[in-house]
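Quick notes on the structure that follows.
Along the sequence shown, residues are numbered consecutively beginning with 1.
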Amino acid sequence: TLLEEVIRTFSHRMGSKGLGLDYTMSNSIPAILLGDSNRLRQVLNNLVDNAVKFTDHGGVVVTIKSSEITNDLVELTFAVRDTGIGIAPEEMDKLFKTFSQVDGSTTRRHGGTGLGLVISKQLVEMMGGKMWVESEKNQGSTFGFSLPFKIGHSIEVGQHKKRCIATPAAVMKILLVEDDAVNRMVIQRLIQEIGHQVETAANGVKALELWQQKKYDAILMDIQMPEMDGVETTKRIRQAEAATGIHIPILALTAHALEGDRERFLAAGMDEYMTKPVQMEELFEKIELFSPRERQAEIRSIQVNDNGEIIYVSDAAEPLNGSASAVSAIKALIAGIDEAAIQDTNLLEGIAHQIKGLANEIGSDELKNVAFKAELAARRGNFSEAIKHVRQVSRLCENGKNPSV
C-alpha cells in the first residue's frame with residue numbers, strides 16, 4: 001500500500017511527460033513487516049522525485065526484493081531505476097555530501113539542492129540500512145538501499161480493536177488547507193461526518209485569502225504545499241493576529257513524521273499536530289481540543305447498524321463497531337465520486353484506491369475486489385468502466401448488507 005501511494009503521487013507528473021512509472025515486488029516478501037513506514041515513505045519519495053526530475057525519456061521503475069530471511073528478520077533491497085541524464089564518474093563522490101551539487105547548470109535546469117539524497121542516506125542509516133548508487137552519464141541511474149525489518153504476525157480475524165467515535169452537538173466552522181485532491185475530499189467528508197462545517201483551500205495563498213474574508217473556529221493546515229507551504233502560511237497568520245490579539249487554532253497535517261516535528265511545528269505557531277493518513281478517531285479528538293469550553297455539548301457515539309448505516313446514540317459509553325470509520329469514509333468518497341471523476345480520471349483512480357484500502361480494513365473482499373477493478377479501469381483511462389464499478393461499490397454499501405461481513 002505504501003509503495004502504491006508513492007507511485008500514485010508521481011504518476012500525474014510522469015504521465016504529463018509521456019513517461020512510464022511502475023514498480024515490481026518479490027513474492028517472497030512477508031505480508032507484515034515491522035518498521036518505520038513514515039521514514040521509508042520519505043526516502044522513497046525523495047528517490048522517486050529525483051528520478052522523475054532528471055528523466056525526460058523512457059521511465060522509472062521501483063523494485064523491492066527480499067535478499068535475506070531468518071526466522072524473525074528479513075532484509076529488503078529497494079532500487080529506483082531511471083533512464084535519465086545519469087551521473088559522470090568524477091561527480092559520484094559529491095552525491096551524498098551536504099552543500100554539494102553534482103552540476104550547477106543541471107541544478108538550475110531541474111531544480112533542487114541535492115539535500116534530499118543526503119537526508120535519505122541519513123534516514124536509511126538511522127534505520128540500520130545502507131544506500132548506494134550506480135550510474136553512467138546519459139544512460140540513467142539506479143539508487144538502491146537495503147533495510148532490515150522484523151517479521152510481523154497477522155491478527156486473528158474478528159479481533160478488531162473497539163473504537164468509539166463521538167460527534168459534538170456544537171458545530172465548528174473549519175478551514176481545511178490541503179493540496180492533494182483525494183486527501184482533501186476524504187478529510188473534508190470525515191469532518192462533515194463528525195458534524196462540523198468545512199471549507200477548503202488547495203494552498204497557503206488561497207488559505208490566507210479565505211482566512212482574511214471569513215471567520216473560522218480552526219484551521220487544519222497541510223505542511224507541504226505549492227506556492228506557499230503550511231509553515232509560511234501559519235507564520236503570516238500569526239503576524240497578522242499580533243495586532244488584533246485574536247488567535248485561531250491551527251492543526252498541522254503532515255505525511256512525514258520525524259522526531260522533533262511536533263516541537264518544530266509548535267514553535268512555528270501551530271497548536272497541534274497529526275500525521276496522515278488521517279484517522280477519524282484522532283481527527284475528532286484533535287478538533288475537540290479547539291472547541292471553546294462553553295460551546296462543548298453532549299457527546300453522542302457513532303455506531304454502524306446491520307445495514308452498514310451510521311447511526312448516533314446518546315450513550316457515549318457504547319463501543320463503536322470497528323468498521324464505522326471505514327464505512328463512513330467509503331460513503332464520503334462515493335458521495336463526491338462523479339464530480340471528481342468527470343474532471344480528472346487520475347483522481348478517480350486515487351479514490352478507487354482509497355476505497356480498496358478501506359474495504360480491506362473492514363475485511364470485505366467483495367468491496368475490495370470491485371474497488372480494485374475500478375482502480376485498474378481508471379489507470380487504463382477507461383472512464384465508463386471505472387464508473388460502472390464505482391457504482392457497484394455504492395450498491396453494495398446501500399443494498400441492505402453490512403459490507404464488513
Side-chain angles (χ1 to χ4, degrees), residues 1-23 59 176 178-194 198-202 276-278 280 304-305 307-310 323-405:
T1 300
L2 183 153
L3 186 55
E4 286 182 348
E5 289 172 354
V6 171
I7 295 297
R8 192 169 67 249
T9 299
F10 296 95
S11 60
H12 180 71
R13 279 173 57 188
M14 289 295 280
S16 65
K17 296 172 73 173
L19 305 177
L21 178 61
D22 207 350
Y23 70 90
L176 168 64
E178 164 66 62
D179 69 312
D180 183 271
V182 175
N183 286 340
R184 190 165 61 246
M185 177 182 295
V186 172
I187 298 172
Q188 178 182 10
R189 296 291 183 176
L190 289 178
I191 296 172
Q192 292 171 336
E193 195 69 54
I194 289 171
V198 59
E199 294 184 0
T200 65
K276 295 184 286 188
V278 170
M280 192 173 186
V304 179
N305 64 18
N307 294 326
E309 300 168 339
I310 296 173
S323 65
S325 61
V327 172
S328 170
I330 289 175
K331 289 187 174 183
L333 287 165
I334 292 173
I337 193 74
D338 288 335
E339 178 183 352
I342 288 171
Q343 299 174 5
D344 190 348
T345 53
N346 287 328
L347 179 57
L348 175 58
E349 178 186 343
I351 292 172
H353 180 82
Q354 293 269 357
I355 294 175
K356 182 181 71 175
L358 291 165
N360 186 60
E361 181 180 321
I362 60 177
S364 175
D365 289 337
E366 188 175 12
L367 275 180
K368 183 172 67 174
N369 290 336
V370 176
F372 182 59
K373 291 178 182 178
E375 181 183 9
L376 290 178
R379 189 175 302 167
R380 293 192 300 266
N382 191 333
F383 174 82
S384 60
E385 185 74 8
I387 286 295
K388 182 184 77 172
H389 292 308
V390 166
R391 287 174 177 160
Q392 187 179 353
V393 170
S394 180
R395 287 194 296 273
L396 286 172
C397 288
E398 303 295 343
N399 69 357
K401 292 182 179 181
N402 185 338
S404 66
V405 175

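- To the nearest 0.5 Å, atoms CE (Met185) and CG (Leu176) are separated by 12.0 Å.
- The shortest heavy-atom contact between Val393 and Ala371 is CG2-N, 4.1 Å.
- Contact record, Gly59 with Leu19: CA-CB, 4.5 Å, taken as the closest heavy-atom pair.
- Between Thr200 and Glu178 the shortest side-chain heavy-atom distance does not fall below 4.5 Å.
- Looking at heavy atoms from C-beta onward, Gln192 lies in side-chain contact with Gln188 at the 4.5 angstrom threshold.
- Contact record, His389 with Ala374: CB-CB, 3.7 Å, taken as the closest heavy-atom pair.
- Heavy-atom minimum distance, Arg184 versus Ala202: NH1-CB, 3.7 Å.
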